[in-house]
*Asks:* 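First the structure, then my questions, so here it is.
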Amino acid sequence: MFNTLPGFREFYPQDCAKRDYIFAQWRKSAHRFAFVEFDPPVLESLELFTEKSGEEIKSQLFEFIDKGARAVSLRPEMTPSLARMVGAQANSLRKPVKWFCIGENYRYERQQKGRLRAFYQFNADILGEESLAADAEIIALLIESLRSFGLTENEFKLRLGDRDLWLLFLQNAGIPETHTTPALSVVDKIERMRPDAFFEMMQDALKGIDLDIPSLIEKIKNFVAIKTIEEMYSVFESGAFQEQAKKRIEQWKQLLNILSDMGVGSFVSPDLGIVRGLAYYTGFVFEAFQTVGTGRALAGGGRYNNLVKKLGYPDMPAVGFGMGDVTVSDLLELVGKQKSLDISPDICAIIIDESLRGEVVKTIFNLRREGINADYPFKPMQLGKQFKYADSLGAKHAVIFAPEEFSRGNVKVKDLKSGQESEIKLSEIATHIRG
RNA sequence: GUGGUAAUAGCUCAGUUGGUUAGAGCAUCGGAUUGUGAUUCCGAGGGUCGCCGGUUCAAGUCCGGUUUACCACCCCA
């Protein structure tokens, strides 16, 4: 006997129906926003991923040497492949590029609930557009796709942060550029660590700076806690970066205005505690959290204006997000909003007399060719059994083939939900069902 | 990669201080009802008790190892 490999999932039909419901909503939302779908290969050259994230990433990759002696890896994320595909045609693509992708990603990690070695992710990105309209469009798509599952402000929130403002703050405080990335990566972790660890780790990140570290850390702590535009202004009341900061905060106001015009403002809260751990983010960054249960992160993203160029392609501003299927599905289950894609047949035939079997098969196949989802029993069965079978399929109608009605060229069609039954012409089954 | 807990039928689980042939519900299949299901009743099949070894007259139960899952770290693109 064989088992699945650790962290890999297999989908029985019922699980598939749940998963495909999620995919269908994602796809629908993306199409509403006029994003087009792309799909890169599952297996890529190892270098594509180490180029973006460094050699250390290898320990978390499904990587190996293939039979042609190539160092390859299953994709842990979509962004490098996206950058390559867009980059390769950068000059001929209409801007802005609005692309999305739904695909399985692989990470060689010890799994936990909600974190497997194989997981699907919905990614959406806008490339070639610097304006705030692109940031707003991406944030709104993230929110609207969660809303399409019936989720509301009671169940999730989006926290909006800003690495640009952080950089101005850190520079204003006298922290040299070499120390900003380590400092931000400590800020990113603050909510995941024990309260007393922050001082220690930040001290470590700021090592070698000739400043009053304890008071600096105190200032950083206060900055992390900022949740309003007013507080942002008050931090930059003086200092060399005052003017730049003011400009940036004006952009905050604009972005929030656009989001409120889009009708998603109630989901968004400014929160400078959100910085995202990755060094390549360059501007607004955001994370969506469920506000029920464990408060887990559902999706995250932000602006990454330098990444495409870093990977060796033309300079292109970009903003995007990723959302996993496992966390979304767990949340839907938790709040009782999980659904399945409806794939149940429209009709199932009921054969009262076996002499009609040939006619039944003919009719069923005509209906299938007309776009009706139809099934029929393969062998003689008692009538009660046939109805049970039709019911267990979830068929919406039973089409009853009986000698008496059939001699008039008719069948009975029974609505299995209401129990209502009517006799109709053989040729009118499809129209009757489409109702 | 580190530590803790667990593993019994397809699924959810029971199984006493170690003691005859390991149980239930759901699901599946068959029948009661030869022109009507979702909501009836009866019956059947299905288990190397994760795997390997040890202790014992005797192991689902105790001990060691191993694999897998869950939880907490690490990490989180």
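Numbered from 1 within each chain, the chains take letters A, B, ... in sequence-line order. Computation of the quantities below employed the complete heavy-atom set of this structure, encompassing side-chain atoms and omitting hydrogens, waters and symmetry-equivalent molecules.
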*Asks:* Whether the side chain of A/K414 and the base of B/rG37 hold a donor-acceptor pair under 3.5 Å is what I'd like checked.
*Replies:* yes

*Asks:* Please determine if A/R117 forms a cation-pi arrangement with A/Y106, meaning its NZ or CZ atom is less than 6.0 Å from the six-membered ring centre and no more than 45° off the ring axis.
*Replies:* no

*Asks:* Indicate yes or no: at least one non-hydrogen side-chain atom of A/D325 is less than 4.5 angstrom from one of A/W26.
*Replies:* yes

*Asks:* Determine the interatomic distance between P on B/rC71 and the same-named atom on B/rU28; round to the nearest Å.
*Replies:* 30 Å

*Asks:* At under 4.0 Å between heavy atoms, what does A/Q14 touch on the DNA or RNA strands: base, sugar-phosphate, or nothing?
*Replies:* nothing

*Asks:* In residues 36-47 of chain A, which ones come under 4.0 Å of RNA chain B, going by heavy atoms?
*Replies:* none

*Asks:* Donor-acceptor pair under 3.5 Å: do we get one between A/E421's side chain and the base of B/rU36?
*Replies:* yes

*Asks:* Name the closest nucleotide to the A/K388 side chain, picking from B/rA38, B/rU36, B/rG35.
*Replies:* B/rA38

*Asks:* Find the distance A/Q386:CD to B/rG30:C1' and express it as a whole number of Å.
*Replies:* 16 Å

*Asks:* Rounded to whole Å, how long is the line connecting atom CZ of A/F8 with atom C1' of B/rA69?
*Replies:* 16 Å

*Asks:* Mind checking the C1' distance from B/rC70 to B/rC29? Whole angstroms is fine.
*Replies:* 34 Å

*Asks:* Establish whether the base of B/rG37 is bridged to the side chain of A/Q382 by a donor-acceptor pair shorter than 3.5 Å.
*Replies:* no

*Asks:* Just to be sure I understand the rule, does A/G419 reach a base, reach only the sugar-phosphate, or reach nothing, if contact means heavy atoms closer than 4.0 Å?
*Replies:* base

*Asks:* Tell me what A/A402 touches on the nucleic acid: a base, only sugar-phosphate, or nothing, going by heavy atoms under 4.0 Å.
*Replies:* base

*Asks:* Expressed in whole Å, how much space separates the P atoms belonging to B/rU68 and B/rA32?
*Replies:* 50 Å

*Asks:* Can you check whether A/F387 reaches A/L383 side chain to side chain, under 4.5 Å on heavy atoms?
*Replies:* yes

*Asks:* Say you pick atom C1' in B/rU33 and the same atom in B/rC41; how far apart are they, in whole Å?
*Replies:* 12 Å

*Asks:* Could you tell me how far apart A/F119 (CZ) and B/rC75 (C1') are, to the nearest whole angstrom?
*Replies:* 13 Å

*Asks:* Measure from NZ or CZ of A/R163 to the centre of the six-membered ring of A/Y281, then state whether that distance is under 6.0 Å and the direction lies within 45° of the axis.
*Replies:* no

*Asks:* Side chain of A/P403 only, please: which of B/rU36, B/rG35, B/rG3 is the nearest?
*Replies:* B/rG35

*Asks:* What's A/R107 touching, base or sugar-phosphate or nothing? Going by heavy atoms closer than 4.0 Å.
*Replies:* base

*Asks:* Does the pair A/E191 and A/R159 meet the rule for a salt bridge (Lys or Arg N to Asp or Glu O under 4.0 Å), with working shown?
*Replies:* CA-CA 13 Å; A/E191 282 169 37; A/R159 297 162 65 190; 2.6 Å; yes

*Asks:* Which whole-number value in Å describes the distance from A/L356 CG to B/rG35 C1'?
*Replies:* 12 Å

*Asks:* Can you find a heavy atom in the side chain of A/T363 that is under 4.5 Å from one in the side chain of A/F401?
*Replies:* yes

*Asks:* Kindly determine whether A/K157 and A/D271 satisfy salt bridge (Lys or Arg N to Asp or Glu O under 4.0 Å), including the steps that lead there.
*Replies:* CA-CA 11 Å; A/K157 280 272 185 316; A/D271 188 335; over 6 Å; no

*Asks:* With sugar-phosphate meaning primed atoms plus P, OP1 and OP2, does A/I57 contact a base, only sugar-phosphate, or nothing at under 4.0 Å between heavy atoms?
*Replies:* base

*Asks:* Which listed nucleotide (B/rC74, B/rA69, B/rG35) is nearest to the side chain of A/Q112?
*Replies:* B/rC74

*Asks:* Closest-nucleotide mapping onto RNA chain B: is A/S392 or A/Y281 further toward the 5' terminus? I mean the 5' end.
*Replies:* A/S392

*Asks:* Looking at A/Q111, does any N or O in its side chain come under 4.0 Å of the phosphate oxygens OP1/OP2 on B/rC70?
*Replies:* yes

*Asks:* Does any part of the side chain of A/I226, heavy atoms only, come nearer than 4.5 Å to the side chain of A/F169, both counted from C-beta?
*Replies:* no

*Asks:* Would you mind reading off the distance between A/R110 atom CZ and B/rU5 atom C1', rounded to a whole angstrom?
*Replies:* 13 Å

*Asks:* Side chain of A/L383 only, heavy atoms from C-beta on: which candidate in B/rG35, B/rC75, B/rA32 is closest?
*Replies:* B/rG35

*Asks:* If we take the P atom in both B/rG50 and B/rG60, what is their distance in whole Å?
*Replies:* 10 Å

*Asks:* Mapping A/K189 and A/Y108 to their closest nucleotides on RNA chain B, which lands nearer the 5' end?
*Replies:* A/Y108

*Asks:* Need one value for A/G301: base, sugar-phosphate or nothing, where a base atom within 4.0 Å counts as base even if backbone is also close, heavy atoms only.
*Replies:* nothing

*Asks:* Within a reach of under 6.0 Å around CD1 of A/I213, are more than 12 heavy atoms found that belong to other residues, nucleotides or ligands?
*Replies:* yes

*Asks:* Go through A/D15 and A/K18 one step at a time and tell me if the salt bridge (Lys or Arg N to Asp or Glu O under 4.0 Å) criterion holds.
*Replies:* CA-CA 5 Å; A/D15 308 315; A/K18 282 182 189 167; 5.1 Å; no

*Asks:* Return one dot-bracket line describing RNA chain B 5' to 3' (Watson-Crick or G-U wobble pairs, both distances under 3.5 Å; ( ) same strand, [ ] crossing, | another strand, . none).
*Replies:* (((((((..((((.....[...)))).(((((.......))))).....(((((..]....))))))))))))....

*Asks:* Quick test of your reading: applying side chain to side chain donor-acceptor pair (under 3.5 Å), list the pairs with at least one residue in residues 300-311 of chain A, sequence neighbours left out, ordered by first then second residue.
*Replies:* A/D125-A/Y304, A/D135-A/R303, A/R303-A/N305

*Asks:* From CD of A/E109 over to C1' of B/rC74, roughly how many Å is that when rounded to an integer?
*Replies:* 10 Å

*Asks:* Between A/D391 (CG) and B/rG37 (C1'), how many Å, whole number?
*Replies:* 5 Å

*Asks:* Checking salt bridge (charged side-chain N to carboxylate O under 4.0 Å, His left out) between A/E423 and each of A/K414, A/R408, A/K412, which is the one that passes?
*Replies:* A/R408

*Asks:* From the set B/rU68, B/rA38, B/rA72, return the single nucleotide nearest to any side-chain atom of A/P6.
*Replies:* B/rU68

*Asks:* Using the C1' atoms only, state how far B/rU48 lies from B/rA7, rounded to an integer number of Å.
*Replies:* 15 Å

*Asks:* Please give the distance between the P atoms of B/rC13 and B/rG18 as a whole number of Å.
*Replies:* 25 Å

*Asks:* Quickly work out the A/F401 CZ to B/rU36 P distance and round it to whole Å.
*Replies:* 18 Å

*Asks:* Considering only the C1' atoms, how many Å lie between B/rA59 and B/rU2, rounded to the nearest integer?
*Replies:* 32 Å

*Asks:* Go through B/rG3, B/rG35, B/rG37 for me and flag the one nearest to the A/K412 side chain.
*Replies:* B/rG35

